[in-house]
J.: 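Below is the structure I would like to discuss, written out as structure tokens.
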Amino acid sequence: MSLRLFNTYSREIEEFRPIADDGRTVKMYTCGPTVYSYAHIGNFRAYLFEDLLQRHLEARGYGVERVMNITDVDDKTIRGCQAAGVPLGDFTEPFKQGFFEDLGTLRIKRAQAFPEATDPRQIAAMIEMIRTLVSRGLAYQADDNSVYFRIKNFPAYGHLAHFNLDELQSTGRVKNDEYEKESIGDFALWKAWDEADGAVHWESPWGRGRPGWHIECSAMATQLLGDQLDIHCGGVDNIFPHHEAEIAQTEGCTGKQFVRYWLHCAHLMVDGQKMSKSLGNFHTLRDVLAKGYSGREVRYALLRVHYRAPLNFTFEGMQEARQSLTRIDDWIERLRARSADADGENGERSASSTREQADNDQFSRAFDDDLNISAALAVVFENIRETNRALDDGILAPAGARSWLEWWEKIDSVLAVTSDAAGIPADIATLVEARAQARLAKEWRKSDELRDQLAALGWGVRDSKEGQKLTRRAGA
RNA sequence: GGCGGGGUAGCCAAGUGGUAAGGCAGCGGUCUGCAAAACCGCUAUUCGUGGGUUCGAUUCCCGCCCCCGCCUCCA
């Protein structure tokens, strides 16, 4: 079965076919962060969705070439650096670092390239594109010296968002004080310098200024991936105007279809509203970590809802994610223990161990269906229950356990949620040893107190025939 | 007003023209010194709402209601 994805452009589920001759290389561009502060987990929901997409494509044998831009110059970064009284680059640097740290925490695969808008080569590429657009009558310099895209000369403008440009209403979100523009819908390609920009400016054929927001993605994408991309992703709020503008700019220059599949993820909500910096209802990843949750728990919590459905963020949801992961952790632990058993190699035969291949297909097929994460997770949990049953019944051979662990490895190459918890800390081990002694002496009261103590420290302990088993219950 | 997304058990959430996956929480049982974990059983005669098509609709069609987003630099 083939991979099918919902294309915003057509508003339909389409079969995915990359443009490359080899049929295996996928060129993917993903809109990255504006580094004027730490990204919030709503931003990361988009990056996690893209990560899931990349990982599934790779699991399906595609080679993904991905680029993610870093917007390090815009109104907000300029305002921020001036408020801080430091050069633009000094202001954005910590947020760039923080962004990469957060990607690591959430186990998001790195793109091949993270081009920055202020990179001189990228600025040069943007200027070159603008020059081409001006020469073709698709852009003009207005009386305010800024250069604007002339949307009336690009009839396809509005097709991605399915907007009829005559019916647009201003929401007042952006000030419409640009009377110099020929048409209200024309957007800036190059913004002429003014005092508010301070030391932030570059030279161009139209005078000093800085690039508009949209042009950076067009320039970077074509510079690094070529004129035509397979996939371009972002949040739904990027559909208009950002991605619409990218199409106009890029196709205005190349004359070729810019992107084959446009994928957009729905918003992360808080209290029934979109999480956003301007509403002040956001959590950064750092905020959530500070409450004791781990990166993989956040990863799971943000992945477990389909990318095109709104996801309401709550700490109850975080708790649910933690519990679900604990179920997976315990299952893996049991499989590892069983796979290491020397006995039972012969004679025992598990029905479930032979279903590995089919189940793997079920999981992948769910993902093929426009990344149906819920159906995929259902496959995981159904298999967990079946394997646990076999373990309880003592009919899962060590070889069967190993084959299930191999199955999980494949699954986890996409989900990336396996615990990487290190060993047991010394202070915990001391308590466990003390409890073992108490239990030998049948001092149940003392044993129970130590169990409570361990629980308070985030370690679940349970007693089995082989002795105490420890599970980290929080974090990790 | 235009264009989209969503409304399925206490919560999260799949799904199909034939009578509702999975997770979390809860209850009962097996196991246990007691627990925990695991397993077994129970927990939506019902899928926002009113019509229509149909032998049969949560699923198809029409109308309506509610929530959320975008409508010119928000992922």
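The chains referred to below are lettered A, B, ... by the order of the sequence lines, with proteins before strands, and numbering in each begins at 1.
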J.: For the side chain of A:D392, starting at C-beta, report the closest nucleotide among B:rA14, B:rU72, B:rC39.
T.: B:rC39

J.: For the pair A:F187 and A:Y157, name the ring-plane relationship: parallel under 30°, tilted 30 to 60°, perpendicular over 60°.
T.: parallel

J.: Let me spell it out: for each of A:M269 and A:H243, pick the nucleotide of RNA chain B with the closest heavy atom. Which residue's pick is nearer the 5' end?
T.: A:M269

J.: In whole angstroms, how far is the P atom of B:rG2 from the CG atom of A:N164?
T.: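 Those two atoms, CG and P, are 11 Å apart.
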
J.: Name the closest nucleotide to the A:N372 side chain, picking from B:rG15, B:rC71, B:rC74.
T.: B:rG15

J.: Would you classify A:L268 as touching base, sugar-phosphate or nothing, given that sugar-phosphate means primed atoms plus P, OP1 and OP2, and contacts are heavy atoms under 4.0 Å?
T.: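 Result for A:L268 = base.
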
J.: Could you tell me the separation between the CG atom of A:L302 and the C1' atom of B:rA13, rounded to a whole number of Å?
T.: 15 Å

J.: Could you please name the option among B:rC3, B:rU72, B:rA14 that lies closest to any side-chain atom of A:H306?
T.: B:rA14

J.: Could you check whether A:T418 and A:W408, counting side-chain N and O atoms only, form a donor-acceptor pair closer than 3.5 Å?
T.: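 Result is yes, a qualifying pair exists.
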
J.: For the residue pair A:T77 and A:D74, confirm or rule out a side-chain donor-acceptor distance under 3.5 Å.
T.: yes

J.: What does B:rA21 pair with, Watson-Crick or G-U, if both distances are under 3.5 Å?
T.: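 Looking at the geometry, B:rA21 pairs with no nucleotide.
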
J.: What nucleic acid atoms does A:G460 come within less than 4.0 Å of, heavy atoms only: base, sugar-phosphate, or nothing?
T.: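 Here A:G460 touches no strand at all.
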
J.: Give a yes/no answer on whether the side chain of A:Q323 brings an N or O atom under 4.0 Å of OP1 or OP2 in B:rA25.
T.: yes

J.: Looking at every strand, decide which applies to A:H242 at a 4.0 Å heavy-atom threshold: base, sugar-phosphate, or nothing.
T.: nothing

J.: Report the residue from A:F49, A:F6, A:Y47 that forms a ring-ring contact (aromatic ring centres under 6.0 Å, His included) with A:Y307.
T.: A:F49

J.: Are the ring of A:W444 and the six-membered base ring of B:rG33 within the stacking cut-offs of under 5.5 Å and under 30°?
T.: yes

J.: Under 4.0 Å, counting only non-hydrogen atoms across every strand here, what does A:R439 touch: a base, just sugar-phosphate, or nothing?
T.: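 If one applies the 4.0 Å heavy-atom cut-off, A:R439 turns out to touch a base.
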
J.: Mind checking if A:R451 touches a base, just sugar-phosphate, or nothing, with heavy atoms under 4.0 Å?
T.: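 It contacts base atoms.
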
J.: Taking the side chain of A:A378 as heavy atoms from C-beta outward, which of B:rC39, B:rG4, B:rA21 is closest to it?
T.: B:rA21

J.: Answer with base, sugar-phosphate or nothing: what part of the nucleic acid does A:S447 contact at a heavy-atom distance below 4.0 Å?
T.: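 It contacts base atoms.
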
J.: Measuring from the side chain of A:K274 (C-beta onward, heavy atoms only), which nucleotide among B:rC74, B:rC71, B:rC24 has the closest atom?
T.: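 In terms of side-chain proximity for A:K274, the closest of B:rC74, B:rC71, B:rC24 is B:rC74.
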
J.: Mind checking whether A:H283 and A:F315 have ring centres under 6.0 Å apart?
T.: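 Aromatic pair counts; centres sit under 6.0 Å.
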
J.: Which of the following nucleotides, B:rC70, B:rG15, B:rG4, is nearest to the side chain of A:D369?
T.: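 Of B:rC70, B:rG15, B:rG4, B:rG15 is nearest to the side chain of A:D369.
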
J.: Go ahead and name the base partner of B:rA37; Watson-Crick or wobble counts if both distances stay under 3.5 Å, otherwise write none.
T.: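 B:rA37 is unpaired by these criteria.
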
J.: Just checking A:D74: base, sugar-phosphate only, or nothing, at a heavy-atom cut-off of under 4.0 Å?
T.: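 If one applies the 4.0 Å heavy-atom cut-off, A:D74 turns out to touch nothing in the nucleic acid.
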
J.: Once you apply a heavy-atom cut-off of 4.0 Å, does A:E316 come out as touching a base, just sugar-phosphate, or nothing?
T.: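 Nothing: the residue A:E316, judged by heavy atoms under 4.0 Å, touches no strand.
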
J.: How close or far is atom C1' of B:rG5 from atom CD of A:E12, stated in whole angstroms?
T.: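 The answer, rounded to whole Å, is 17 Å.
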
J.: Take the protein atom CZ of A:F381 and the nucleotide atom P of B:rC39, then report the distance between them rounded to whole Å.
T.: 11 Å

J.: Does A:V305 or A:S276 map to a spot on RNA chain B nearer the 5' end, using the closest nucleotide for each?
T.: A:V305

J.: Using a heavy-atom cut-off of 4.0 Å across all strands, would you classify A:D463 as base, sugar-phosphate, or nothing?
T.: base

J.: So that I know where these two stand, are A:F367 and A:F363 an aromatic pair - ring centroids less than 6.0 Å apart?
T.: yes

J.: Considering only nitrogen or oxygen atoms on both sides, find all protein atoms under 3.5 Å from nucleotides 40-43 of chain B and state each distance.
T.:
| unit_1 | atom_1 | unit_2 | atom_2 | d |
| --- | --- | --- | --- | --- |
| B:rC40 | OP1 | A:R389 | NE | 2.9 |
| B:rC40 | OP1 | A:R389 | NH2 | 2.7 |

J.: Measure from NE2 on A:H40 to C1' on B:rC74 and round the result to the nearest Å.
T.: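 In whole Å, B:rC74 C1' and A:H40 NE2 are 8 Å from each other.
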
J.: Could you tell me whether the phosphate oxygens of B:rC74, OP1 or OP2, come under 4.0 Å of any side-chain nitrogen or oxygen in A:K76?
T.: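 Yes, because at least one side-chain N or O of A:K76 sits under 4.0 Å from OP1 or OP2 of B:rC74.
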
J.: Answer with base, sugar-phosphate or nothing: what part of the nucleic acid does A:G234 contact at a heavy-atom distance below 4.0 Å?
T.: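 Sugar-phosphate contact only.
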
J.: Over how many whole Å does the gap from A:F363 atom CZ to B:rA14 atom C1' extend?
T.: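 For the pair A:F363 CZ and B:rA14 C1', the rounded distance is 14 Å.
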
J.: Check whether any side-chain heavy atom of A:I70 lies under 4.5 Å from a side-chain heavy atom of A:F114, and answer yes or no.
T.: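 Touching, per the 4.5 Å side-chain cut-off.
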
J.: Just to confirm, is there a sub-4.0 Å distance from OP1 or OP2 of B:rC39 to any side-chain nitrogen or oxygen of A:R327?
T.: yes

J.: Using 30° and 60° as the class boundaries, would you call the ring planes of A:Y38 and A:F95 parallel, tilted or perpendicular?
T.: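 Answer is perpendicular, since the angle exceeds 60°.
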
J.: A:R462 side chain: which of B:rA36, B:rG23, B:rG2 is closest?
T.: B:rA36

J.: Which nucleotide in the list B:rG5, B:rC24, B:rA37 gets nearest to the side chain of A:P310?
T.: B:rG5

J.: Please confirm whether the ring centroid of A:F258 lies under 6.0 Å from the ring centroid of A:Y29.
T.: no

